[in-house]
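Letters A, B, ... are given to chains in the order of the sequence lines, protein chains preceding strands, and every chain is numbered from 1.
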2 protein chains.
Amino acid sequence: MKMSEGVEWALHTCLNLSWVTDGRAIRATTLAAFYELPPAYLNKQLQALARAGIVTSTSGPRGGFRLARRPEEITLLDVVVAIEGTEEAFRCSEILRQGPGGQPDVDYRQTCVISQAMRRAELSWRRELAAQSLADIKATVEHRFPAAPGQTRNRFTALRG
Amino acid sequence: MKMSEGVEWALHTCLNLSWVTDGRAIRATTLAAFYELPPAYLNKQLQALARAGIVTSTSGPRGGFRLARRPEEITLLDVVVAIEGTEEAFRCSEILRQGPGGQPDVDYRQTCVISQAMRRAELSWRRELAAQSLADIKATVEHRFPAAPGQTRNRFTALRG
DNA sequence: GTAGAACTACTCGGATAGAGGGTGTCCGAGTCGGCGCGG
DNA sequence: CCGCGCCGACTCGGACACCCTCTATCCGAGTAGTTCTAC
């Protein structure tokens with residue numbers, strides 16, 4: 001059970017975008033050069049973020065990506081779901097139906113105790129992710145590393161050429 | 001990010017094994033026939049459980065698997081880790097090192113705020129899994145479906161021939 | 001000088017190959033139970 | 001009748017193919033800026 005590496009990229013990229021104060025868009029190539037990531041592949045992840053309504057994309061010259069909403073309204077869960085999909089990690093395949101006393105018309109996703117326990121754990125995970133917004137991350141980083149926003153903006157302008 | 005299907009099989013199998021009151025071992029073929037699972041592949045999962053010390057295996061005639069400890073001392077996390085491995089889903093690849101102001105000698109797994117947030121969520125998931133023991137599941141099932149243990153034992157003896 | 005239109009270069013977007021891990025299967029090593037033989 | 005040794009079959013254990021998802025890449029569609037021309 002491993003998470004796509006794109007989640008990490010997407011989270012860091014969203015954080016970087018949150019420091020772009022003026023309304024300009026940042027293109028995928030620039031965002032990728034930030035961490036020496038493969039540009040085309042990061043672009044793919046950004047497309048997923050755009051489909052999820054987390055960023056907006058603009059084509060053509062001076063185009064690129066920018067956050068679609070305020071950082072307060074973007075949770076970590078939003079980003080994870082945008083990249084990984086909405087499906088949960090533990091998928092109950094209802095094997096109880098094949099066991100003794102298995103009923104064809106029972107929804108074992110609801111009645112199976114093991115499925116419930118696994119879902120409860122995963123719900124706890126999701127709740128924790130939903131409780132953290134991009135603004136929280138941003139504030140923590142700015143508190144611990146006050147130079148980060150400025151460095152990020154400088155790098156963006158330097159890479160623009 | 002999807003969990004191996006073997007986790008579901010392992011959990012149900014451990015639960016079934018918990019209903020074997022006498023000390024006899026159940027072979028993989030019988031355990032697989034219980035839910036019409038591929039026997040050889042379930043055997044592979046049972047090997048993982050054996051390596052993790054959750055079940056003990058016996059070779060030869062009348063051999064098979066039995067629980068290595070009491071159900072109270074087997075948590076859901078134990079089973080999940082035995083099948084999925086100890087590595088966490090979100091693996092911080094420390095991409096901050098490539099960014100502006102990246103230090104070669106800093107452990108970004110510890111300092112990166114995003115990594116911390118993701119780890120916190122995953123810890124919550126693990127904690128929830130560790131809080132549920134196989135005995136808890138067993139008790140809940142026996143309370144809701146009192147016929148389950150008897151059915152399971154009957155099926156085991158029926159499949160033994 | 002200004003407005004319009006065409007052109008050009010730039011950026012995203014989806015369609016297209018390659019690699020790694022999960023899925024599934026098979027056969028061999030080791031072991032336990034049973035059977036036969038001898039005392 | 002009882003004990004011992006051999007034999008045989010049975011079960012786990014690890015080594016071997018297959019497939020799907022993640023990773024990575026490329027080229028085309030669409031767009032905004034620019035430039036040129038005509039009024």
Side-chain angles (χ1 to χ4, degrees), chain A residues 1-10 13 17 23-33 35-52 54-66 68 80 82-85 87 89-91 93 95 156 159-161, chain B residues 1-10 13 17 23-33 35-52 54-66 68 80 82-87 89-91 93 95 159-161:
Chain A
M1 185 188 59
K2 69 181 172 69
M3 187 173 292
S4 167
E5 199 162 10
V7 171
E8 186 181 8
W9 302 359
T13 300
L17 282 176
R24 64 173 164 161
I26 312 291
R27 62 189 181 191
T29 306
T30 301
L31 291 168
Y35 298 119
E36 301 177 9
L37 303 175
Y41 191 32
L42 179 63
N43 188 23
K44 193 177 184 58
Q45 315 293 351
L46 287 167
Q47 288 173 34
L49 292 179
R51 273 193 294 271
I54 295 173
V55 302
T56 58
S57 62
T58 312
S59 286
R62 317 285 294 177
F65 297 89
R66 67 197 89 191
V80 170
I83 303 294
E84 287 289 329
E87 202 169 6
F90 181 87
R91 295 149 297 119
S93 61
I95 65 176
F156 275 148
L159 289 170
R160 183 161 51 178
Chain B
M1 185 188 58
K2 71 180 171 70
M3 188 174 292
S4 167
E5 200 163 9
V7 172
E8 186 181 8
W9 302 359
T13 299
L17 282 176
R24 63 174 166 161
I26 312 292
R27 61 188 182 193
T29 305
T30 301
L31 292 167
Y35 298 119
E36 300 177 11
L37 302 175
Y41 191 32
L42 178 64
N43 188 23
K44 195 179 182 60
Q45 314 294 351
L46 287 167
Q47 287 174 34
L49 291 180
R51 273 193 294 271
I54 295 173
V55 302
T56 59
S57 62
T58 312
S59 287
R62 319 283 294 175
F65 297 90
R66 68 198 87 191
V80 170
I83 303 295
E84 287 289 328
T86 177
E87 204 170 4
F90 180 87
R91 293 149 299 120
S93 61
I95 64 176
L159 289 170
R160 182 162 49 177

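Close approach of DNA chain C to chain A, defined as any atom under 4.0 Å from a non-hydrogen atom of the protein, starts and stops at C:dC10 to C:dA15.
Atom CG in B:L49 sits roughly 13 Å away from atom P in D:dG14 (whole-Å rounding). Between the P atom of D:dT25 and the CD atom of A:Q45 lies a distance of 13 Å, rounded to the nearest Å. To the nearest angstrom, P of D:dT21 lies 14 Å from OH of A:Y41. Residue B:R91 contributes atom CZ, which lies 12 Å from atom P of D:dC22 at whole-angstrom precision. A:L37 has its CG atom 11 Å from the P atom of D:dT25, to the nearest Å. A straight line from NZ of B:K44 to P of D:dC16 spans 12 Å, rounded to a whole angstrom. Per the geometry, CD belonging to A:Q47 stands 13 Å off C1' belonging to D:dC27, to the nearest Å. The interatomic distance linking B:K2 (NZ) with D:dT21 (P) rounds to 7 Å, in whole Å.
The main-chain N or O of A:A10 is never found under 3.5 Å from a side-chain atom of A:Q45 such that the two would form a donor-acceptor pair.
Rounding to the nearest 0.5 Å places CZ of A:R51 at 9.0 Å from CD1 of A:I83.
As judged by a 4.0 angstrom heavy-atom cut-off over every strand, B:A28 is placed among residues touching the sugar-phosphate backbone only.
In this structure, A:P61 and A:E5 both approach DNA chain D, and ranking their closest nucleotides by distance from the 5' end singles out A:E5. Between B:T58 and A:A40, the residue whose closest nucleotide on DNA chain D is further toward the 5' end is B:T58. Taking for each of A:G60 and B:P38 the nucleotide of DNA chain C with the nearest heavy atom, the 5'-most of the two is the partner of A:G60.
Nearest heavy atom pair, residue A:A68 against residue A:T56, reads CB-CG2, 3.6 Å. Taking all atoms of both residues into account, the shortest heavy-atom contact from B:P39 to B:A32 is CA-CB, 3.5 Å. Taking every heavy atom of both residues into account, A:E8 and B:R91 meet most closely at OE1-O, 3.6 Å.
For the side-chain contact (heavy atoms from CB on, under 4.5 Å) test with B:L31, the passing option among B:L17, B:L159, B:N43 is B:L17; the others fail.
Put simply, B:R27 has a side-chain N or O that comes within less than 4.0 Å of OP1 or OP2 on D:dT11.
Sparse packing is recorded around CZ of A:R62, with 12 or fewer heavy atoms of other residues, nucleotides or ligands lying under 6.0 Å away.
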